[in-house]
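Inspection log for the structure reproduced underneath, given as structure tokens.
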Amino acid sequence: AGSGAIRAVPSSLADLLMSRLDRGEHGLALAQLAALLGEDAYPAELAALAGFDSATLARALDRLEIDGVALSRRDSTSPITLRHALFGEAALAAMPIKARRNAHLAAARLLAERDTPADRIARHFDAANDTAHAAEWWQRAGDLARRRRALPEACAAFERAIELTD
């Protein structure tokens, strides 16, 4: 759900989802960031992006689990998984576009400092409309995929880098 297109959720369903997301303090903000990060929604990254200390993050995650929004974590370092993609879509739809772009930019910068695959970083820069950095990271992703002989992935990454530079 992180950087893909957000589907229109019927208003009655969106209202129901939002009522679950809004129950606990910081629930909506945390669900938005978890949806934005997708498979990279690790507690450390969420805390860094949200500006939460570990206790605030733990309380908010516990509340999302109790409310049935997030799946229970195996341990404190496991990634956060929303129970259903519709929770992520509703959370992101409630996030203003400028805030979403800023969050993608912050995520890209944060993930670039960590051992994160280049294509994930590129997707966040791309979603933030930071074309220069997105093209650079798509190029890196293509180079890495080519070295692994993952030619379809390499071609797709190189094509996206070219699209962004044209």
Side-chain angles (χ1 to χ4, degrees), residues 1-130 133-134 137-138 140-141 144 153 157 160:
S3 57
I6 299 171
R7 295 186 317 208
V9 177
S11 62
S12 58
L13 179 57
D15 291 343
L16 176 67
L17 295 169
M18 287 305 295
S19 72
R20 298 273 293 279
L21 290 166
D22 266 340
R23 283 185 186 168
E25 184 181 13
H26 307 301
L28 177 58
L30 200 57
Q32 288 170 329
L33 292 174
L36 187 117
L37 286 171
E39 62 191 69
D40 295 312
Y42 288 90
E45 283 76 14
L46 283 171
L49 286 174
F52 293 167
D53 60 34
S54 59
T56 301
L57 179 70
R59 281 192 307 275
L61 289 175
D62 288 345
R63 186 75 236 173
L64 287 176
E65 290 171 8
I66 290 167
D67 291 339
V69 173
L71 297 174
S72 295
R73 296 164 283 145
R74 293 182 304 277
D75 57 54
S76 63
T77 61
S78 296
I80 309 310
T81 304
L82 298 178
R83 186 168 291 282
H84 196 283
L86 287 175
F87 280 119
E89 290 174 17
L92 287 175
M95 192 177 208
I97 292 171
K98 186 173 182 177
R100 192 176 325 138
R101 285 185 181 149
N102 288 338
H104 275 294
L105 185 58
R109 290 176 177 160
L110 176 72
L111 295 174
E113 296 172 359
R114 299 169 186 226
D115 189 24
T116 304
D119 63 317
R120 292 184 193 158
I121 297 166
R123 277 189 226 115
H124 285 292
F125 276 125
D126 214 344
N129 285 342
D130 185 338
H133 285 106
W137 281 95
W138 281 122
R140 288 183 194 187
L144 292 169
E153 291 87 353
R160 184 62 185 144

>> Does any part of the side chain of D15, heavy atoms only, come nearer than 4.5 Å to the side chain of M18, both counted from C-beta?
In response: no
>> Which heavy atom of R114 sits nearest to which heavy atom of A48, and what is that distance?
In response: NH2-CB, 4.3 Å
> In Å, rounded to the nearest 0.5 Å, how long is the span from NZ of K98 to CG of N129?
Replying inline: 12.5 Å
> Nearest heavy-atom pair of L92 and R100: which atoms, and what distance?
Replying inline: O-NH2, 3.1 Å
>> Contact between L71 and R83 at the side-chain level, heavy atoms closer than 4.5 Å - yes or no?
In response: yes
> Looking at CG of L16 and CZ of R20, how far apart are the two atoms once the value is rounded to the nearest 0.5 Å?
Replying inline: 7.0 Å
> CG/L28 to CG/L64 distance, rounded to the nearest 0.5 angstrom?
Replying inline: 9.5 Å
>> I'd like to know if the side chain of E65 reaches the main chain of A70, judged simply by a donor and an acceptor atom lying under 3.5 Å from each other, with no hydrogens or angles considered.
In response: no
>> How long is the straight-line distance from OG1 of T56 back to CG of L61, given to the nearest 0.5 Å?
In response: 10.5 Å
> Is a side-chain N or O of D67 found less than 3.5 angstrom from the main chain of V69, in a donor-acceptor match?
Replying inline: no
>> With a 4.5 Å cut-off on side-chain heavy atoms, are W137 and D119 touching?
In response: no
> Should D126 and W138 count as side-chain neighbours, where that means a heavy-atom distance under 4.5 Å?
Replying inline: yes
> Quick one: CG on D53 to CZ on R59, what's the gap to the nearest 0.5 Å?
Replying inline: 7.0 Å
> Which atom pair, heavy atoms only, marks the closest approach of A35 to L82?
Replying inline: CB-CD1, 4.0 Å
>> Parallel, tilted or perpendicular: which one describes the rings of F125 and H133, with boundaries at 30° and 60°?
In response: parallel
>> Treating R63 as the side-chain partner and G27 as the backbone partner, does any N or O pair qualify as donor plus acceptor under 3.5 Å?
In response: no
> Quick one: does L37's side chain get under 4.5 Å of R120's, heavy atoms only?
Replying inline: no
> Taking side chain as C-beta onward, heavy atoms only, is I80 less than 4.5 Å from L30?
Replying inline: no
> Of the non-hydrogen atoms in G68 and F87, which two are nearest, and what is the gap between them?
Replying inline: O-CE1, 3.7 Å
> What heavy-atom pair brings P43 and S78 nearest, and what distance separates the two atoms?
Replying inline: CD-O, 3.1 Å
> Roughly how far apart are M95 CE and H104 NE2, rounded to 0.5 Å?
Replying inline: 8.0 Å
> Looking only at heavy atoms, which two atoms of L111 and I121 are closest? And how far apart?
Replying inline: O-CD1, 3.6 Å
> Hey, mind stepping through L36 and H124 against side-chain contact (heavy atoms from CB on, under 4.5 Å) and telling me if it holds?
Replying inline: CA-CA 9 Å; L36 187 117; H124 285 292; 4.3 Å; yes
